[in-house]
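These notes are about the structure you will find just below.
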Amino acid sequence: MSIPAASVPLPHSDPASAEPGLGRQVLVFVLLLACEFLYGWAWNTVDVLRPYIRESLGLSLIEAGSAYSAQGAGALTGAIVLGQIADRIGRRRVLSGLVFGYGVLLLAGMIVASYPQLLLQRFLLGFFAGGSFPVVVGIYINLFQPTLRGRLAGTLNAAFSLSIVVLGVAMGLVAPGNWKHLLLIGGIPPLALALLVLAAIPTGSRMDRGARGGVSRLPVSELFAPGLRRQTLMLATMAGLNFFGYAAFSGWLTTYLTGERGFSAQTAGALVAWQFSGNIVGGFFWGWAADRFGRRFNAIGFLIASGAIAVYLLGPADPTVLKVAGLIYGAALCSSVIWGPWMAELYPPHLQSTAASIFNWGRVISFFAPIITAQIAQSFSLATAMLLGAASFTTAAVIWLTQRETLQRS
């Protein structure tokens, strides 16, 4: 079965900027899958390799954990800045630059020798990695027809999740004293991939520019134009609730299982792993569902995730029940896989990457989740604090359902 190419004409097209054929489009998507895998590898080293990083630098638990906060702050900044630059000068060059950037910064982790250096390295890595999502979205939604965008997003989500699995397996195969080899393995390929991106994506094509002309000096300001302001604020709130809900439940899950439920660390790890299995399967399902039934249909996933959280926290401490609940939670949470394309579709073509960056704006709210949930846990119980995750996802689903549908089927 062949994949139909997008049929929207490029404004003011000329021979130099002719749209690529199907073969080139498939090649570009394969490169995007590679970018997503390597981005996931670079991003998750801050968590997977945390014990080794902490030991090598003599860090406290709080210092080791703050490396993720630094990376998250960099990601928020990078999403806003690089998304706008991509809409102004073209996504081809920006994608190549950010892939090269997080490759170099991951390699820089091999020479980090102090806590301040670690924070700087992780902030800069987060800056380049944070720009990946909005820029990649702006490229792949212009590859094929709109009714395939959800499935493309689901496939990219699987590449990201696969990188976590492979990184975890690789960590088990590498001797503890050689953990920096994993930085080398993940840091060198992006340097070559950056050059391939420049060669594969045609300059001036839809996937590069979206639409020519009409881009202001500060594209993000257009998202707050009178006719778009309320929509932008609602989407940013929805994204924030998503990040807050995830931090409130998933962020405390291991602590809850080993503490209040009394499971061993090995059992708790196995239960958490079921969520990642659900992530991969769920991404494919919800990508298909969004292409079949519309972008707002996937809000059902957040309601299912809320129910799964309630079962996890209020149901019996039976490992089988928790495995099933965790699998459903992980799969349902991936309903947001369509947010990148959907947010880009809600705005004019010349703002596609800037609009997709709204997803990362929600990180601001998530920064406060550990503080708020810790206070509630101290005053009531950890389970009560984690139930805020269900409330957050439910509220996000309501906001999602009130927004405009963008999928138009023949």
Side-chain angles (χ1 to χ4, degrees), residues 33-82 94-136 159-197 247 251 276 360 363 366-367 370:
L33 287 174
C35 290
E36 194 72 8
F37 180 89
L38 293 170
Y39 152 59
W41 184 289
W43 179 269
N44 288 290
T45 53
V46 73
D47 286 331
V48 176
L49 301 181
R50 183 177 298 174
Y52 301 135
I53 296 173
R54 182 190 173 206
E55 182 181 1
S56 67
L57 299 178
L59 305 177
S60 67
L61 285 173
I62 294 177
E63 288 174 333
S66 64
Y68 183 86
S69 299
Q71 185 169 286
L76 174 62
T77 307
I80 296 173
V81 173
L82 295 177
V94 175
L95 178 62
S96 176
L98 68 86
V99 169
F100 187 86
Y102 65 64
V104 169
L105 266 299
L106 188 60
L107 293 174
M110 299 180 67
I111 60 174
V112 165
S114 67
Y115 176 56
Q117 289 180 10
L118 174 66
L119 294 181
L120 177 62
Q121 179 250 345
R122 283 294 160 178
F123 177 87
L124 293 176
L125 190 154
F127 177 84
F128 289 106
S132 179
F133 179 80
V135 176
V136 167
F160 182 90
S161 298
L162 180 62
S163 72
I164 304 175
V165 176
V166 175
L167 179 59
V169 172
M171 185 182 72
L173 298 176
V174 174
N178 296 326
W179 64 271
K180 289 186 178 180
H181 290 176
L182 299 178
L183 303 181
L184 194 66
I185 292 172
I188 291 180
L191 308 185
L193 188 59
L195 298 177
L196 293 176
V197 166
F276 289 103
N360 280 287
R363 294 183 185 278
S366 71
F367 291 156

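Under the 3.5 Å distance criterion, the side-chain polar atoms of Ser132 are left unmatched by any main-chain donor or acceptor of Phe128. Between the Trp41 side chain and the Leu182 main chain, a donor and an acceptor come within less than 3.5 Å of each other. A donor-acceptor contact shorter than 3.5 Å is absent between the side chain of Asn178 and the backbone of Val174. The backbone N or O of Ala113 sits less than 3.5 Å from a side-chain atom of Gln117, completing a donor-acceptor pair.
For the atom pair Leu125 CG and Leu120 CG, the distance stands at 11.0 Å (nearest 0.5 Å). Distance check: Leu183 CG to Leu106 CG gives 5.0 Å after rounding to the nearest 0.5 Å. To the nearest 0.5 angstrom, Glu63 atom CD is 13.0 Å from Ile53 atom CD1. Atom CD in Gln71 sits 8.5 Å away from atom CZ in Arg363 (nearest 0.5 Å). Atom OG of Ser163 sits about 8.5 Å away from atom CG of Leu38, to the nearest 0.5 Å. One distance of note links OG of Ser66 with CG of Leu118; it measures 7.0 Å at 0.5 Å rounding.
Looking only at atom types and distance, the side chain of Arg122 has a donor-acceptor partner in the side chain of Thr45 under 3.5 Å away.
Tested against Val104 for a side-chain contact (heavy atoms from CB on, under 4.5 Å), the candidates Leu124, Leu191, Val99 yield a single pass: Leu191. Here the options are Leu95, Leu33, Leu98, the test is side-chain contact (heavy atoms from CB on, under 4.5 Å), and the partner is Val136; only Leu95 passes.
Around the CZ atom of Phe160, the shell of radius 6.0 Å holds more than 12 heavy atoms that belong to other residues, nucleotides or ligands. Within 6.0 Å of atom CD1 in Ile111, 12 or fewer heavy atoms from other residues, nucleotides or ligands are found, so the atom counts as exposed in its surroundings.
The two atoms that bring Gly130 and Asn360 nearest to each other are O-ND2, 3.9 Å, heavy atoms only. Trp43 approaches Ala129 most closely through the heavy-atom pair CE3-CB, 4.0 Å. Ser96 and Val197 get closest at one heavy-atom pair: N-CG1, 4.0 Å. Closest approach of Leu184 to Met110, counting heavy atoms only: CD1-SD, 3.9 Å. Residues Pro51 and Asp47 come closest through the heavy atom pair CD-O, 4.2 Å.
Below 30°, between 30° and 60°, or above 60°: for Tyr102 and Tyr39 the angle between ring planes is between 30° and 60°, a tilted geometry.
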